[in-house]
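Along the sequence shown, residues carry numbers from 1. Each ligand, and each atom within it, is numbered from 1 in the order the structure gives.
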Amino acid sequence: MKILVIGSGGREHALVWKLAQSPHVTQMWCAPGNAGIAQERLATNGALVECVNIGAENITKLMLFALEQKIDLTVVGPDNPLALGIVDWFAKNGLRIWGVNQKAAQFESSKVFSQKFMEKYGIPTASAGTFSEAGPAKAFCATLGGKCVVKADGLALGKGVLICANQTEAEKAVDEIMVGKAFGDAGASVVIQEFLEGVEVSMHALCDGKTAKVFPTSQDHKRALDGDLGLNTGGMGTYSPTPFLTEAQLAETARLVLEPFMRGCLAEAIDYRGILFPGVMLTKAGPKILEFNARFGDPETQVYLTRLENDLVELLEASVSGTLAKHELKWKPAASVCVVMASGGYPGSYAKGKVITGLDAANALPGTKVFHAGTAQSGRDIVTNGGRVLGVTALGKDLRAAQLAAYAAVEKIQFDGAHFRRDIAAKAL
Ligand code: AMP
Ligand code: GLY
């Protein structure tokens, strides 16, 4: 099979690495990829994965490339091409592609859509209101005592969520999004949720339109600094499994969320084939969904795929063709920890082009895989090329062992200004 993976981050490196192990794959490309992806080799024939310089949002060019190379399966990593309808375009042109279609991508691209869907189909969520005018939005914040979360409806690079402690902050947030248009058209409508307290976990389920197969739990660390301080980021590290949900509690949460979700999709004629990634707050009153993503998490994917035993090509094929019910997901009993090494200054501004050393030494450690995110090849060097640079991932017999292994690998790697959290998975230990 010829496979094309779309995207350039740590999630896509993990997807490429796992897909490359499949005996079905004879050739693989990644658009646009990164320096680590370009070093991956296929298990079947030792061929290198080829990076092609086409952006993840250039749907026309990607489609022409897939037609020209007679790609058998395209795998989409990021949310933007999904929201732009890449799956619909490919399918219309007779190309097989894995990921959600544009209608299904609304679960991520519109928070108003998701909130209304959750309420209509009885999925546990925060009490909330949706608004397209500032006045009623502010009045609703007041009914929550001002302690609330104001969310821009559309995609806002993960920045459109403002947490407010009182009515003054809430009114400022509404003005910023709806009047000041801080996130452009993404803020034409807002969702306002009550502020929920609890432990936040990531849930993933692979769906094929009828069946949803839930993954084990994982937990991200969104803040830039140790102790959950500092600015929100795309994610500074993950681990799986989390001790905050037992297997039985995970199964119960999955039932509470996925059953009404699939029922709702059927009723609304949404053919959901891809990953559903709900953000879940474990509150005293039970699990509540904060938001839906319609793609794999980053860096959740790094810990999931290092634990997954199945052939990923077979699972994604089954997700496209609606035959997931025949598959059982199998996971290594080992724990996995991923520590993100970022550029100094991230999530603010940062420099690029810093030479990275120690990658081979880190990768040589047992059970360790260094996934690249923002990296590029520069002559013989691999250099930094983004905010999140590497996802240093290690397996261990338990979380503590995995954590020690991941940090032992981090110690081997150097680049100017490297910044990482030292407490990934610490909450769980
Ligand atoms: P979202 O993009 O909707 O997941 O929001 C980004 C982050 O804001 C989440 O990962 C949570 O940490 C936080 N958050 C979102 N909604 C709520 C809520 N209702 N209560 C408390 N925290 C929230
Ligand atoms: N790690 C969080 C996300 O991918 O949205």
Compute the minimum heavy-atom distance from [X] to ligand 2 and say whether it is under 4.0 Å.
X: Phe277; value: yes
X: Gly234; value: yes
X: Arg11; value: no

Is there a donor-acceptor pair closer than 3.5 Å between any side-chain N or O of [X] and the backbone N or O of [Y]?
X: Ser114; Y: Phe107; answer: yes
X: Asn34; Y: Ser8; answer: yes
X: Asp271; Y: Gly209; answer: no

Quick one: look up the protein heavy atom nearest [atom] and list residue, atom name and how far away it is.
atom: atom 16 (N) of ligand 1; result: Lys151 NZ, 3.0 Å
atom: atom 14 (N) of ligand 1; result: Leu290 CD1, 4.0 Å
atom: atom 22 (N) of ligand 1; result: Met281 CE, 3.8 Å
atom: atom 2 (O) of ligand 1; result: Glu291 OE1, 3.0 Å
atom: atom 11 (C) of ligand 1; result: Glu200 OE1, 3.2 Å
atom: atom 13 (C) of ligand 1; result: Ile163 CD1, 3.9 Å

Just how far is it from atom [atom1] of [X] to atom [atom2] of [Y], taken to the nearest 0.5 Å?
X: Glu108; Y: Asn80; atom1: CD; atom2: CG; answer: 8.5 Å
X: Lys330; Y: Leu308; atom1: NZ; atom2: CG; answer: 10.0 Å
X: Asp79; Y: Leu155; atom1: CG; atom2: CG; answer: 5.0 Å
X: His204; Y: Leu329; atom1: NE2; atom2: CG; answer: 12.5 Å

Could you tell me whether the side chains of [X] and [Y] share a donor-acceptor contact shorter than 3.5 Å?
X: Thr393; Y: Gln302; answer: no
X: Ser218; Y: Tyr304; answer: yes
X: Asp220; Y: Thr238; answer: no

**OP:** Take Val392 and Phe420, measure what side-chain contact (heavy atoms from CB on, under 4.5 Å) needs, and give me the verdict at the end.
**Re:** CA-CA 10 Å; Val392 182; Phe420 57 90; over 6 Å; no

_Distance-only N or O hit between ligand 2 and Asn293, under 3.5 Å_ = no

_Can you confirm, on distance only, whether ligand 2 has an N/O atom lying under 3.5 Å from any N/O atom belonging to Arg295?_
yes

For ligand 2, which atoms have a heavy atom of [X] less than 4.0 angstrom away?
X: Gly297; answer: 4 (O)
X: Glu300; answer: 1 (N), 2 (C), 4 (O)
X: Asp220; answer: 1 (N), 2 (C)

Note: Glu194, heavy atoms under 4.0 Å from ligand 1, region reported as backbone

At under 4.0 Å between heavy atoms, what of Val161 touches ligand 1? The answer is side chain

- [ ] Kindly confirm or rule out an N or O of Leu196 lying under 3.5 angstrom from an N or O of ligand 1.
- [x]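 By distance alone, the answer is yes.
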
Within the structure, is a non-hydrogen atom of Glu197 found at a distance of less than 4.0 Å from ligand 1? no

Checklist line | Non-hydrogen atom of Lys111 closer than 4.0 Å to ligand 1 | finding: yes

Neighbour count >12 (heavy atoms, 6.0 Å) for atom NZ, Lys427
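Correct, the count exceeds 12.
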
Numbered in order shown, the ligand 1 atoms found under 4.0 Å of a heavy atom of Lys222 are 10 (O)

